[in-house]
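Throughout, numbering of the chain's residues begins at 1 and tracks the sequence. When a ligand or atom number is given, it counts from 1 through the structure's own listing order.
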Amino acid sequence: MLSRRKTRIVNVGKVLIGSDYPIPVQSMTNTLTEDAESTLRQVKQLEAAGADIVRISVPNTEAAAAFAKIVKQASVPLISDIHYDYKMALLTADAGAGCLRINPGNIGSAKGVKEVVKAAKANHCSIRIGVNGGSLERGLLEKYGEPCAEAMVESALTQARLLEDLDFQNIKISVKASDTLMTIQAYEQLAQQSDYPLHLGVTEAGGLMDGTIKSAMAFGYLLYKGIGDTIRVSLTADPVEEVKAGQKILKAFKLLDKGINIVSCPTCSRRSIDVIGLVETLEKKYENEQRNITLAVMGCPVNRLEAIRADFGVYGLDKNNHTCKLCVKGVEVAILKQEEVLERFDSLFNENLEFVSK
Ligand code: SF4
């Protein structure tokens, strides 16, 4: 198990965040918040995919009114995302937000921040100081010449001190950039200068593949160093994909003990079963499975140990009749035809087997 940098503990509603707790996966709705029905539907989709926390942008009073309706029906804590108008933070804190995300670059006057802190205290919600490389304060841009890790860290720490001066420490921080290396540098520097929990993200990271790869590289480096207490994979895509990508990143480091882990070979001419087709079907079929189960699909016996080590695994046996060996928790139990594999996996999923984290 990877060790974590020791942090303070903060709460987002009922979810505790910090080094003593599992790393929650976050996502953000991309519906019009004012359309409460569509936004709630998307929140429910994110919950079904396994999101631990959902963020919703609140740009105006109509959106704040919709947030108040949505928060009553959400099962996971909601974060209100505030830019420019601190009064939206006040409205959503009163409505039941678990956390208020504010951007130091555009939240405005100290008076506004003071009001936000007062509302957060009164409603027991945390504040995320969300610094983005693309929206740094003008003074920092003049000082550093361009967005850079040092400027983002200075922005975050200045804002944290402002909140501390108001006797508020229920804080988590993010320092996101669209540049993967700058993001890593900013989080590394911040981790050395602060013990607040850190929300990891690469911002404006691109579409499904670009965004997932950039996030996985940044998070992989940082999590391996013990840095990171909650994550969001920002994608220009269906936000459900953000949840799936976040869970897969955590699972790859054994930092998440729920969901399906598929171990499969890339296939080659030795294969005796349709590995690609089978894996695509398994991914789709079990995408919302929350139990911690490892499935393995190997095209031939060369890597049969992977199938044996999985909770359920198959490896190809005979190229002529497309058969494979089924393995269940370390035991080779049957020879199946390729077309029988899905049905057997299905019945194994329905048996009350105990699953353990590998
Ligand atoms: Fe090829 Fe077998 Fe390796 Fe799959 S497990 S890539 S079929 S050698």
Side-chain angles (χ1 to χ4, degrees), residues 1-2 49-50 207-221 223-224 233 235 237 241 243-351 353-358:
M1 190 72 169
L2 293 175
L208 183 56
M209 181 166 305
D210 277 338
T212 301
I213 289 173
K214 289 176 197 172
S215 300
M217 292 188 73
F219 297 1
Y221 176 88
L223 291 169
Y224 190 72
V233 177
L235 298 176
E241 299 297 335
V243 179
K244 289 193 218 164
Q247 290 179 330
K248 285 182 195 303
I249 289 169
L250 293 181
K251 271 192 90 62
F253 274 177
K254 299 184 170 55
L255 289 167
L256 182 73
D257 60 2
K258 63 180 181 181
I260 296 292
N261 176 33
I262 294 186
V263 177
S264 59
C265 78
T267 85
C268 69
S269 69
R270 290 180 190 277
R271 71 180 176 277
S272 51
I273 54 174
D274 174 18
V275 177
I276 293 176
L278 193 50
V279 167
E280 281 175 357
T281 307
L282 290 170
E283 282 178 339
K284 191 103 201 91
K285 198 170 175 72
Y286 299 120
E287 63 183 352
N288 287 337
E289 173 63 50
Q290 296 300 308
R291 287 175 293 175
N292 187 24
I293 301 173
T294 297
L295 303 179
V297 182
M298 299 293 131
C300 78
V302 166
N303 288 312
R304 63 188 271 279
L305 283 182
E306 296 287 359
I308 293 172
R309 289 177 66 231
D311 291 307
F312 311 139
V314 289
Y315 64 87
L317 269 186
D318 188 329
K319 282 178 84 146
N320 297 321
N321 56 17
H322 305 297
T323 54
C324 56
K325 186 73 82 74
L326 172 69
C327 309
V328 180
K329 297 187 156 298
V331 182
E332 299 179 289
V333 296
I335 293 174
L336 304 177
K337 286 194 174 303
Q338 177 177 296
E339 55 272 22
E340 296 171 323
V341 171
L342 283 175
E343 201 182 323
R344 281 302 289 272
F345 272 19
D346 251 354
S347 61
L348 286 166
F349 266 73
N350 293 331
E351 286 175 26
L353 298 170
E354 197 179 310
F355 298 97
V356 288
S357 172
K358 294 277 190 308

Assess whether side-chain contact (heavy atoms from CB on, under 4.5 Å) is satisfied between L255 and M1, documenting all intermediate values.
CA-CA 8 Å; L255 289 167; M1 190 72 169; 4.2 Å; yes
Quick one: are the ring centres of F312 and F349 less than 6.0 Å apart?
yes
Of the protein's non-hydrogen atoms, which lies at the shortest distance from atom 2 (Fe) of ligand 1, and what is that distance?
C300 SG, 2.3 Å
Minimum-distance protein heavy atom relative to atom 3 (Fe) of ligand 1
N303 ND2, 3.5 Å
For a side-chain contact (heavy atoms from CB on, under 4.5 Å) check, start with the C-alpha distance between N303 and Y315, then their side-chain angles and the critical distance, and finish with the verdict.
CA-CA 8 Å; N303 288 312; Y315 64 87; over 6 Å; no
With distance as the sole test, does K251 use its side chain to make a donor-acceptor pair with the main-chain N or O of N261 at under 3.5 Å?
no
Would you mind reporting whether V263 and M298 have side-chain heavy atoms less than 4.5 Å apart?
yes
Looking only at protein heavy atoms, what sits closest to atom 4 (Fe) of ligand 1 is C265 SG, 2.4 Å
Can you name the atoms of ligand 1, numbered from 1 with element, that are less than 4.0 Å from a heavy atom of R270?
8 (S)
Closest protein heavy atom to atom 1 (Fe) of ligand 1, given as residue, atom name and distance to 0.1 Å
C268 SG, 2.3 Å
Considering the heavy atoms of G299, write down every atom of ligand 1 situated less than 4.0 Å from one of them.
4 (Fe), 7 (S)
I want to check something: taking the side chain as every heavy atom from C-beta on, are V297 and I273 in contact at a cut-off of under 4.5 Å?
yes
For ligand 1, which atoms sit closer than 4.0 Å to a heavy atom of T267?
4 (Fe), 6 (S)
Quick note on ligand 1: atoms under 4.0 Å from a heavy atom of R271 include exactly 7 (S)
